[in-house]
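Structure first, then comments.
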Amino acid sequence: MASVLDNWNPPHLDKPDYYHTVKYVYKHIEFHISEDEAYTILNAFIEKWDASAGSLIHEEELTAHVVQQLRHNFDVVLPKNKITRIVQLILGYLQETGHFYQQEIKSSTSL
């Protein structure tokens, strides 16, 4: 089914846009999540991302933080694989808009 997001691409701005990030997630996601879930996951991601400014962080570390934060507070009860996919999409948005380069986040499996 066609969506208004099919032809939308995130603009390249000076800094990542909160709402564009969620739009990007919705454009590429393969399953349904509520808006509340999307923003809650994004907020947990931002918390860890901002706390890690200036240091190397692994994608697995970001994902583990988001999953732990959400389960600790019972904010989102999605399975880990779906939360992981959303974190991957958030990183995809950051990469597509030029706010991070792939070498900034290393997978621990490539070490």
Side-chain angles (χ1 to χ4, degrees):
M1 175 164 37
S3 165
V4 295
L5 292 176
D6 288 345
N7 295 321
W8 177 83
N9 290 306
H12 296 269
L13 305 172
D14 290 338
K15 60 182 184 172
D17 183 87
Y18 187 72
Y19 301 104
H20 289 170
T21 305
V22 172
K23 283 172 71 172
Y24 184 89
V25 168
Y26 272 109
K27 179 177 180 176
H28 297 284
I29 200 164
E30 304 84 12
F31 49 88
H32 175 75
I33 60 169
S34 72
E35 264 190 84
D36 285 341
E37 290 170 321
Y39 285 112
T40 301
I41 293 167
L42 178 57
N43 289 336
F45 178 94
I46 290 169
E47 177 185 298
K48 182 65 174 177
W49 183 265
D50 287 351
S52 303
S55 60
L56 181 66
I57 186 168
H58 297 281
E59 182 176 340
E60 294 84 1
E61 187 180 344
L62 271 169
T63 303
H65 170 81
V66 172
V67 169
Q68 179 183 17
Q69 187 72 18
L70 299 176
R71 291 209 173 134
H72 177 71
N73 297 326
F74 299 101
D75 292 328
V76 175
V77 292
L78 291 171
K80 182 180 177 182
N81 65 325
K82 289 187 176 184
I83 295 171
T84 298
R85 178 64 181 137
I86 295 165
V87 170
Q88 291 169 345
L89 290 171
I90 294 169
L91 291 170
Y93 164 79
L94 293 172
Q95 187 173 9
E96 186 169 317
T97 58
H99 292 100
F100 110 174
Y101 301 99
Q102 189 60 40
Q103 64 269 23
E104 290 183 33
I105 294 190
K106 304 283 185 188
S107 171
S108 63
T109 58
S110 65
L111 296 177

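This structure is a prediction, so every number in the text was calculated from the model and none was measured. Residues: numbered from 1 along the sequence shown.
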Open item on the list: I'd like to know whether Phe45 forms a side-chain contact (heavy atoms from CB on, under 4.5 Å) with Ile83, so could you lay out the CA-CA distance, the side-chain angles of the two residues, the decisive distance to 0.1 Å, and finally the verdict.
Closed with: CA-CA 10 Å; Phe45 178 94; Ile83 295 171; over 6 Å; no
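Panel note: side chain Tyr93, backbone Asp17; a donor-acceptor pair is recorded below 3.5 Å.
Note that CD1 of Ile41 and OH of Tyr39 are 12.5 Å apart. Values are rounded to the nearest 0.5 Å. With rounding to the nearest 0.5 angstrom, the CD atom of Gln88 is 10.0 Å from the CG atom of Asn81. One finds the OG1 atom of Thr21 at 13.0 Å from the CD1 atom of Ile86 (value rounded to the nearest 0.5 Å). With rounding to the nearest 0.5 Å, the separation of CG in Leu78 from CZ in Arg71 is 9.0 Å. Atom CD1 in Ile46 sits 11.0 Å away from atom CH2 in Trp49 (nearest 0.5 Å).
Taking a 6.0 Å sphere around CD of Gln68, one finds it holds 12 or fewer heavy atoms contributed by other residues, nucleotides or ligands.
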Could you pull out every donor-acceptor pair under 3.5 Å between side chains of residues 25-33 and any protein atom, sequence neighbours left out?
{"residue": "Tyr26", "atom": "OH", "partner": "Ile33", "partner atom": "O", "Å": "2.9"}
{"residue": "Tyr26", "atom": "OH", "partner": "Ser34", "partner atom": "O", "Å": "3.1"}
{"residue": "Tyr26", "atom": "OH", "partner": "Glu35", "partner atom": "N", "Å": "3.1"}
{"residue": "Lys27", "atom": "NZ", "partner": "Trp8", "partner atom": "O", "Å": "2.4"}
{"residue": "Lys27", "atom": "NZ", "partner": "Asn9", "partner atom": "OD1", "Å": "3.0"}
{"residue": "Glu30", "atom": "OE1", "partner": "Arg85", "partner atom": "NE", "Å": "3.1"}
{"residue": "Glu30", "atom": "OE2", "partner": "Arg85", "partner atom": "NE", "Å": "3.1"}
{"residue": "Glu30", "atom": "OE2", "partner": "Arg85", "partner atom": "NH2", "Å": "2.8"}

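The closest side-chain heavy-atom distance from Leu62 to Leu91 is below 4.5 Å. For the pair Pro16 and Leu94, the minimum side-chain heavy-atom distance is below 4.5 Å.
With sequence neighbours excluded, the residues satisfying side-chain hydrogen bond (donor to acceptor under 3.5 Å, both in side chains) with Glu47 are His65.
Val66 approaches Ala44 most closely through the heavy-atom pair CG2-C, 4.0 Å. Nearest heavy-atom pair across Asp36 and Thr40 is O-OG1, 2.7 Å.
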